[in-house]
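Whatever order the structure lists ligands and atoms in, that order sets their numbers, starting from 1. As the structure is a prediction and not an experimental result, all values here were calculated from the model.
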Amino acid sequence: MEIKDILKIDTEEERISALYNIFDESTRLSTKATRVEFLTTIRQIEKHLKPGMKILDLGAGTGEYSLYFAKNGYEVTAIELVEKHVNQIKEKILPGMSLEVFQGNAMDISTVGDKSYDIVLCFGPLYHLAQIEVRMKCISEVKRVCKDDGKMFFAFISNDMVIVTETMCYNPYFLQGDTYDHENFKVKNFPFVFHTVDDCRKLLKDSGLNIISEVAADGLSELLEDKINNMSDEDYKQWLNFHYYCCEKPEFLGVSNHLLFVAEKQI
Ligand SMILES: C[S@@+](CC[C@H](N)C(=O)[O-])C[C@H]1O[C@@H](n2cnc3c(N)ncnc32)[C@H](O)[C@@H]1O
């Protein structure tokens with residue numbers, strides 16, 4: 001199946017599953033360049049993590065975050081829509097890990113009790129749920145299952161940086177095409193859903209959350225992919241340090257393909 005054929009599929013759940021038959025999620029974070037997103041995100045989560053905390057990973061993919069925290073002794077629950085990904089997580093669970101994995105849809109996790117997790121990760125569903133009402137339903141579920149003093153982490157794909165990387169890395173004629181609105185530069189929400197920094201702020205504020213941190217999760221990594229992948233380990237270490245130094249600067253947010261927002265409840 002080609003990407004354009006996915007639109008012919010009736011349900012959103014089936015469309016998402018079909019998309020991940022095209023994109024291999026299990027290797028997405030495996031290069032030096034793509035690892036920047038994972039390492040930056042882990043670092044942000046660990047600022048709030050204390051021993052004994054319970055973590056819910058919604059849209060867990062093939063388990064990068066769930067497995068990392070379970071390996072480090074945390075009690076983790078992973079919920080993931082795509083059956084293939086659920087099975088890939090289960091295959092990687094090691095003895096002694098406290099990691100439960102369920103197939104489910106983040107917009108309805110009614111089997112999960114209210115206020116039951118200290119940390120809730122939502123890295124994926126907001127890339128895919130096409131209707132804003134459904135994205136808000138998903139965020140309201142994240143809020144419901146998070147403890148009152150818990151922290152919620154949301155990942156978004158940046159509308160504006162996607163225009164840069166599409167044009168500079170994949171399709172030099174992108175700006176002449178019709179996959180975005182030529183007046184306001186809003187990219188069509190397919191095959192992923194794209195947000196500007198202000199869209200992310202509005203979505204979380206309209207959902208009744210306080211934003212604690214706004215982070216450029218991967219910054220220039222996709223644009224500079226080849227150069228970063230060819231760095232020596234020592235240069236990469238220094239590059240990461242520079243990225244960590246920049247990633248919370250407001251002026252850096254617009255030039256990141258992935259945006260990480262950390263939020264808490266308004267009490
Ligand atoms: C790009 S992957 C990210 C995986 C992982 N969270 C990470 O950050 O590496 C997005 C994941 O979200 C999952 N997903 C999308 N919509 C979902 C939904 N409504 N409920 C649960 N999972 C969903 C997809 O199946 C996919 O595995």
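Taking only nitrogen or oxygen atoms, main chain and side chain alike, Asn105 reaches within less than 3.5 Å of ligand 1. Checked by distance only, ligand 1 and Ala106 come closer than 3.5 Å through their nitrogen or oxygen atoms. The shortest N or O to N or O distance between His85 and ligand 1 is under 3.5 Å. Taking only nitrogen or oxygen atoms, main chain and side chain alike, Phe123 reaches within less than 3.5 Å of ligand 1. Geometrically, ligand 1 and Gly59 share a nitrogen or oxygen pair separated by less than 3.5 Å.
The backbone N or O of Ala217 lies less than 3.5 Å from a partner atom in the side chain of Thr40, making a donor-acceptor pair. In this structure, the side chain of Tyr127 does not engage the main chain of Ile157 through any donor-acceptor pair within 3.5 Å. Looking at Glu12, its side chain does come within 3.5 Å of a backbone N or O of Ala130 through a donor-acceptor pair.
In plain terms, the two heavy atoms of Ile89 and Leu99 that are nearest each other are CG2-CD2, 4.1 Å.
Under 4.0 Å from ligand 1, the heavy atoms of Leu29 that appear belong solely to its side chain. Here Ser17 has no heavy atoms under 4.0 Å from ligand 1, in either its backbone or its side chain.
The protein non-hydrogen atom at the shortest distance from atom 15 (C) of ligand 1 is His128 CD2, 3.4 Å. Considering only non-hydrogen protein atoms, atom 10 (C) of ligand 1 sits nearest to Tyr20 OH, 3.3 Å. Of the protein's non-hydrogen atoms, the one nearest atom 23 (C) of ligand 1 is Leu81 CB, 3.7 Å. Protein heavy atom at the shortest distance from atom 24 (C) of ligand 1 is Glu80 OE2, 3.4 Å. Scanning all protein heavy atoms for the shortest distance to atom 7 (C) of ligand 1 gives Arg28 NH2, 3.4 Å.
Checked against Glu64 for a side chain to side chain donor-acceptor pair (under 3.5 Å), the options Arg28, Arg35, Lys92 give a single hit: Arg35.
Every atom of ligand 1 with a heavy atom of Glu25 under 4.0 Å away is listed here by number and element: 1 (C), 2 (S), 3 (C), 4 (C), 9 (O).
Heavy atoms of Gly104 approach ligand 1 to within less than 4.0 angstrom.
Crowding of Lys71 atom NZ: a count of heavy atoms from other residues, nucleotides or ligands under 6.0 Å not exceeding 12.
The cationic atom of Arg43 (NZ for Lys, CZ for Arg) lies less than 6.0 Å from the six-membered ring centre of Tyr244 and within 45° of the ring axis.
Ring to ring, His128 and Phe190 are not that close: their centroids are 6.0 angstrom or more apart.
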